[in-house]
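See below for the structure under consideration.
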Amino acid sequence: TRAVVSFINFITLSNQTLRYPAVGTPSPEEEALAWLVEDYPLQLHVSTDAKRIQQRYALLTLWFRQPSWTQTGLADWLTDDECAWEGIRCTASMMVDSLDLPSNNLQGRIPDDLGLLTELTYLSVRQNVLRGTIPLTVSRLTALTSLFLWSNTLTRTIPSSLSQLKSLTNLDFSDNKLNGSIPDDLGLLTALTMLQLFENSLTGTVPDDLGLLTELRTLALSTNELNGTIPDDLTLLTALTWLTLFENDLTGPIPDDLGLLTALTWLTLFENDLTGTIPSLLGQLTAIVTLALSTNELNGTIPDDLGRLT
């Protein structure tokens, strides 16, 4: 980013000091740059260590967003080596590949500059009080396999650019305040085994393209404001063990071929506006532990085949 480029250019000059704006409180980015210039404990060289400097700057923009770092788990940050900081793991080449900071009372926005941590494979800031939007720069983290932002107060829409994260296997944005529709482009994340978006305010229909996620084991979209029918394409997800769509505004019939998803252990469709009869093919779900269809507009008789579900 421009801030890092400015810093790298700045520290090549001798006998200079970074000055805050004359008016107003310095931004977290400005405080991070100032710390790197004035208090930096490691002797790194711009010519050989630019990536180390960038990653420390990116982490510091998160630290300086906290109103009181003593109330977080980040009290040991700003010490010698960022690879030794709480929640950080690095590769043998000292590049951050895991940022794991659950339940740390983290506040403020997720910094755009986390997009500089391009070797991250694991990013979890779950169970904090982070607010604002999901940064578009997360889409630069193409090595990510797990992205956990659940249980914060994130708002607005899910960026469709997340479809660039082709290595992603676990995506969990549940228990936030996200709205808008589920991007069709999430269907391009064909390595996904878990997609959890429950307990938000998502609207629109369940995308047909989710049927392309044939590695999915868990699909949890419950407690939103989704409408339309349950896509027939979801019946292509033969690896699914967990499908939750309850507490939405879904209409139409229960697709017969959900009964072909014989790996299912959990199928919950209650509190929708589903109509028609209960498919007898659901009796083939012999691995099922929980089947919940209540509080809909279903009619007809209960299929005898459900008696197989013992």
*Can you tell me which residue pairs pass the salt bridge (Lys or Arg N to Asp or Glu O under 4.0 Å) test with a partner in residues 114-135, sequence neighbours excluded?*
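Sorted result for residues 114-135: D100-R126.
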Side-chain donor/acceptor pairs under 3.5 Å, residues 159-168, sequence neighbours excluded:
residue : atom : partner : partner atom : Å
S161    : OG   : S139    : OG           : 2.7
S163    : OG   : S160    : O            : 3.0
K166    : NZ   : S163    : O            : 3.1

*Ring centres of F198 and F246 under 6.0 Å apart?*
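No: the rings miss the under 6.0 Å criterion.
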_V125 and N104, any side-chain heavy atoms less than 4.5 Å apart_ =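 No, every pair of side-chain atoms sits at 4.5 Å or beyond.
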*Could you give all pairs that pass the side-chain hydrogen bond (donor to acceptor under 3.5 Å, both in side chains) test and reach residues 203-222, with sequence neighbours left out?*
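Qualifying pairs: none.
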_Suppose the criterion is side-chain hydrogen bond (donor to acceptor under 3.5 Å, both in side chains): which pairs have a residue in residues 247-271, not counting sequence neighbours?_
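Applying side-chain hydrogen bond (donor to acceptor under 3.5 Å, both in side chains) to every pair that reaches into residues 247-271, excluding sequence neighbours, yields T223-E247.
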*Evaluation steps, side chain to side chain contact (heavy atoms under 4.5 Å, CB included), between T155 and N179*: CA-CA 7 Å; T155 55; N179 57 34; 5.8 Å; no
*Does the side chain to side chain contact (heavy atoms under 4.5 Å, CB included) test come out yes or no for L192 and L186, once each step is laid out?*
CA-CA 9 Å; L192 276 183; L186 292 189; 5.7 Å; no
*Write down the atom of V138, the atom of L144, and the distance for their closest heavy-atom approach.*
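Closest heavy-atom pair between V138 and L144: CG1-CD1, 4.5 Å.
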*Step through the shown structure and confirm whether more than 12 heavy atoms of other residues, nucleotides or ligands are within 6.0 Å of CD1 on I302.*
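No.
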*Pairs where residues 80-132 contributes a residue and the test disulfide (SG to SG under 2.5 Å) is met, not counting sequence neighbours*: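 Sorted result for residues 80-132: C83-C90.
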*Hey, could you give me each pair passing disulfide (SG to SG under 2.5 Å) that has a residue in residues 236-272? Not counting sequence neighbours.*
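Disulfide (SG to SG under 2.5 Å) check on residues 236-272 returns no pairs.
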*asked:* Could you check whether any side-chain N or O of D172 sits under 3.5 Å from a backbone N or O of S174, counting only pairs where one atom can act as donor and the other as acceptor?
replied: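 Yes.
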*By salt bridge (charged side-chain N to carboxylate O under 4.0 Å, His left out) - contacts of R89 (at least two apart)*: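 Here the qualifying residues are D97.
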*How would you list, by chain and number, every residue that makes a salt bridge (charged side-chain N to carboxylate O under 4.0 Å, His left out) with R308, sequence neighbours excluded?*
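D305.
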*Name all residues meeting the side chain to side chain donor-acceptor pair (under 3.5 Å) criterion together with N128; count only those two or more places apart in sequence or in a different chain, and write none if there are none.*
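Applying side chain to side chain donor-acceptor pair (under 3.5 Å) to N128 gives none.
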_Note: D112-R140 ion pair, threshold 4.0 Å (strictly below)_ =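 R140 and D112: not salt-bridged.
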*asked:* Tell me which pairs pass ring-ring contact (aromatic ring centres under 6.0 Å, His included) where either residue lies in residues 88-120, with sequence neighbours left out.
replied: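 Applying ring-ring contact (aromatic ring centres under 6.0 Å, His included) to every pair that reaches into residues 88-120, excluding sequence neighbours, yields nothing.
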*Do any pairs count as a ring-ring contact (aromatic ring centres under 6.0 Å, His included) and have a residue in residues 287-310, sequence neighbours left out, and if so which ones?*
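Non-adjacent pairs meeting ring-ring contact (aromatic ring centres under 6.0 Å, His included): zero.
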Please tabulate, for side-chain N and O atoms in residues 274-290, each donor-acceptor pair with protein atoms closer than 3.5 Å (sequence neighbours left out).
none

